[in-house]
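None of these values were measured; they are calculated from a predicted model.
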Amino acid sequence: MRAFTVAAWAFSRGVERIVLASTESEALALKESRPGWLALKDGAPAAGFDAVNSPGLLRSCDFAGRTLVQKTTAGTVGALAVANTPLVLCASFVVAGPTARFLRNKDSGPVTFVVTGEGGKADEDLACAEYLGQCMAGDDVEAAPYLHRARTSRAAADLAGGLRSGYHPDDVDLCLEIDRFSFAMVARQEESLTVLRPVAVPDIPPPARGSG
């Protein structure tokens, strides 16, 4: 629910690129070997990490021009598992529309959704994937049922109940702001790293009206 909402917020707060790490120790090693890099993790704040996986806690940060190393329990793990495929996009409700338009514009062919939470069964992730699939089909999709499904998921309940550390009370609401941002997030291999960057996706203009 949070990993790629947080990534989108990080880009909105000025992050230039996000390097995906497979472990917390790798995240810290990358940060320590590159002056000026920052590191982010799931859970409670910890020594060496500059931020946690919470959009509510991240939204007031100034990360202009910085590189952020991100390690989360499910999201970054899933992205790294498919990092060698031809095209990898990391998505959430806050970038759903731009992500769907990006794929339609590229005429990308069949798309595989990698659902990472709860071993691929997380209801909030499935809701987002199904919503994206409908948007990619070009349908006029009503987002409310999908957002409701995510809001009533176990992950949302755990967050609202304070059962997960590194949490802000606004996190669930922030994760469910449909199309808050106007970019998609593309992960590519850069040297030996998997790097996530924002890609601006213009709105599709409405069809021209006939002159009658």
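Looking only at side-chain heavy atoms (C-beta outward), Ser92 and Cys175 stay at 4.5 Å or farther from each other. Side-chain contact check for Pro145 versus His148: every heavy-atom pair is 4.5 Å or farther apart. Using a 4.5 Å cut-off on side-chain heavy atoms (C-beta onward), Val95 and Phe4 make no contact. Side-chain contact between Glu124 and Phe93 is absent, with no heavy atoms from C-beta onward closer than 4.5 Å. By the 4.5 Å heavy-atom criterion applied to side chains, Phe11 and Phe181 are not counted as neighbours. A heavy-atom distance below 4.5 Å is found between the side chains of Arg101 and Asp203. In this structure, the side chains of Ser54 and Arg2 come closer than 4.5 Å at one or more pairs of heavy atoms.
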Intermediate values then yes/no, side chain to side chain contact (heavy atoms under 4.5 Å, CB included), Asp50 and Lys31: CA-CA 10 Å; Asp50 305 279; Lys31 174 192 170 179; 3.1 Å; yes
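When only modelled atom types and interatomic distance are considered, Asn53 and Thr72 share no side-chain donor-acceptor pair under 3.5 Å.
Across every non-hydrogen atom of Val52 and Gly43, the tightest pair is CG1-O, 3.3 Å. Pairing each heavy atom of Ala51 with each of Phe63, the nearest pair is CB-CZ, 4.5 Å. Between Ala3 and Gln70, the shortest heavy-atom distance links the atoms O-NE2, 3.0 Å. In this structure, Ala100 and Leu132 approach most closely via the heavy-atom pair N-CD2, 4.1 Å. Annotation for Pro55 and Leu174: closest pair C-CD1, 3.7 Å, computed over non-hydrogen atoms. When all heavy atoms of Thr194 and Ala83 are compared, the pair lying nearest together is OG1-CB, 3.7 Å.
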Distance-only donor-acceptor pairs under 3.5 Å for side chains of residues 16-24, two or more places apart:
unit_1, atom_1, unit_2, atom_2, d
Arg17, NE, Thr67, OG1, 3.3
Arg17, NH1, Glu190, OE1, 3.4
Ser22, OG, Glu26, OE1, 2.5
Thr23, OG1, Ser25, OG, 3.1
Thr23, OG1, Glu26, N, 3.0

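The hydrophobic clustering, which links ILVMFWY residues whose side-chain heavy atoms are closer than 4.5 Å, places Val141 and Ile178 together. Both Leu80 and Met185 are members of a single hydrophobic cluster when ILVMFWY side chains are connected at heavy-atom separations under 4.5 Å. Clustering ILVMFWY residues whenever any of their side-chain heavy atoms sit less than 4.5 angstrom apart, transitively, puts Leu38 in the very cluster that holds Leu58. In this structure, Phe113 is not a member of the same hydrophobic cluster as Val88, with clusters built from ILVMFWY side-chain heavy atoms closer than 4.5 Å. Placement of Met136 and Val186 within a single hydrophobic cluster is found when ILVMFWY residues are connected by side-chain heavy-atom separations under 4.5 Å, directly or transitively.
Distance CG/Asp170 to CG/Leu57: 9.5 Å, rounded to 0.5 Å. Rounding to the nearest 0.5 angstrom, the gap separating the OG1 atom in Thr73 from the NZ atom in Lys41 is 8.5 Å. Atoms CG and CG, on Asp171 and Asp173 in that order, are 9.5 Å from each other to the nearest 0.5 Å. For the atom pair NZ (Lys71) and CZ (Phe49), the distance works out to 9.0 Å, reported to the nearest 0.5 Å. Atoms CG and SG, on Leu103 and Cys135 in that order, are 11.0 Å from each other to the nearest 0.5 Å. Expressed to the nearest 0.5 Å, how far SG of Cys61 lies from CG of Leu68 amounts to 9.5 Å.
Annotation: side-chain contact (heavy atoms from CB on, under 4.5 Å) contacts of Ala74 (sequence neighbours excluded): Thr116. Scanning for ring pair (Phe, Tyr, Trp, His ring centres under 6.0 Å) contacts around Tyr131 gives Tyr146, with sequence neighbours left out.
Considering Leu126, Leu159, Asp123, Asp158 in turn, Asp123 is the only one that fulfils the side-chain contact (heavy atoms from CB on, under 4.5 Å) rule with Ser153.
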